[in-house]
2 protein chains.
Amino acid sequence: MNTRPTGARERLLASAKTLFAEQGYERTTVRAVAQAAAADPALVIRYFGSKDGLFARAVEVDLRFPDLATLPREERGSRLARHVIALWDGPDGATLLPMLRACATHETAAETARGIFAGQVLAMVKGLGLSDPERRAALVASQVLGLVFCRYILGLPPVVAMDADAVAAGLGPTLQRYLHGAIT
Amino acid sequence: MNTRPTGARERLLASAKTLFAEQGYERTTVRAVAQAAAADPALVIRYFGSKDGLFARAVEVDLRFPDLATLPREERGSRLARHVIALWDGPDGATLLPMLRACATHETAAETARGIFAGQVLAMVKGLGLSDPERRAALVASQVLGLVFCRYILGLPPVVAMDADAVAAGLGPTLQRYLHGAIT
DNA sequence: CAATTAGGTCAACGGTTGTTGACCAAGGGT
DNA sequence: ACCCTTGGTCAACAACCGTTGACCTAATTG
């Protein structure tokens, strides 16, 4: 008979991802998340323990790198570039954005990002069996995150205007050299 | 006879730069800035109008690009790379950091950054008289900001570990291609 | 049928925030 | 001597924050 008030937990998580992505950690209030989810602020604490707990749940993420080792060596750079924008332009981008935003001001988020770098980016590079994997992974991360930062956070018009082909043409050779070229 | 209480304005601005750089915009409170400057919180509003006004004053910035046109063409990429880390490792970095941090969560800061891109980065690239200046400037910005983000905000260990020579060796050829190579 | 529990509501708490306005001290110009 | 500007202090405001605990309701379980 009632307006079956259920599923608030999932709605809270969805609202949290959206708001954290749009406003970052500090400006996103527990009350705003609750209101967007048509739920009570107290439920956030009930289900996630604290605002930090909510955030931690909202930014669990998987970069889903393709297995570059199975590709022809010379295609890996542009393949990686295309994967990056496909990932960020797709639905996963909504959960990647809040983390990147939060990294700028929230040390625990930055630590999470360092963990992702060590666990996924570095692991991918090491999987290719290259020399200097740390250095190469660092360069790859710097170019990839720079593109993402300029495109999705800063919103630099010429970066936003680039389509997948343009990104592959621009970043492909760079990533190719970071993976397989001379870097010292 | 008194402890001559003067010069609070300059001390407030200096403290603001430091705190904004360390904690970002939202977590830096007016009271904390005042306390660090051994001044009264009310003076912030008196002198700068509001917290936003204080921030705006704290992030006025000049990228101080060298005149690449006077250099041999093939040296420009690595020269630019060296300039970037010299700038950010130097004292100017303390005023650049808060802006970059704030860009992630503060739209007005992002807009300021877009203005700097259009006014300084794009202008520098256009000064070289190249084709596709917007695209080239966009690529340069993505690589430079990515390095800065990974090194000073994320603190990725392999990126932090790089010295000026390593950065020049890694990013130099990339920036060289973004400036003078084929990018389509 | 009784009792427990999960899911959700409500009002309030203590603390912190940005901002305001009234007040005070010194010192130079007329 | 008077005034008035400059530079600074102080206490307080209203609003908003994250968090808490008491309470209600409906469904499930024994």
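Letters A, B, ... mirror the listed sequences (proteins, then strands); counts begin at 1.
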| Taking for each residue the nucleotide of DNA chain D bearing the nearest heavy atom, is the 5' side occupied by A:A42 or by A:V30? | A:V30
| Starting at CD of B:Q35 and ending at P of D:dC10, how long is that distance when rounded to a whole Å? | 13 Å
| said: Regarding A:D89 and A:R151, does a basic nitrogen lie under 4.0 Å from an acidic carboxylate oxygen? | reply: yes
| said: Regarding B:Y47, tell me which of base, sugar-phosphate or nothing describes its non-hydrogen contacts under 4.0 Å with the strands shown. | reply: sugar-phosphate
| Short N-O contact, B:R114 and B:E107, less than 4.0 angstrom | yes
| request: Take the protein atom CG of B:L12 and the nucleotide atom P of D:dT9, then report the distance between them rounded to whole Å. | output: 10 Å
| field | Any donor-acceptor N/O pair under 3.5 Å between D:dG18 base and A:R31 side chain | value | yes
| request: Let me know the distance between CG of A:D40 and C1' of D:dG21, rounded to the nearest Å. | output: 12 Å
| note | note: B:I45, atom CD1; C:dT17, atom P; distance rounded to Å ~ 13 Å
| said: Checking the side chain of A:D132 only, and the main-chain atoms of A:R135 only, is there a donor and an acceptor separated by less than 3.5 Å? | reply: no
| message | Could you tell me how far apart A:E10 (CD) and C:dA6 (P) are, to the nearest whole angstrom? | response | 16 Å
| Ion pair B:D40/B:R46, N-O distance below 4.0 Å | no
| query | Can you tell me how far C1' of D:dG18 sits from CZ of A:F55, to the nearest Å? | reply | 17 Å
| message | Does B:R9 contact D:dG7 through a side-chain donor or acceptor facing the base, at a distance under 3.5 Å? | response | no
| Looking at D:dG7, does its base get a donor-acceptor pair with the side chain of B:R46 below 3.5 Å? | no
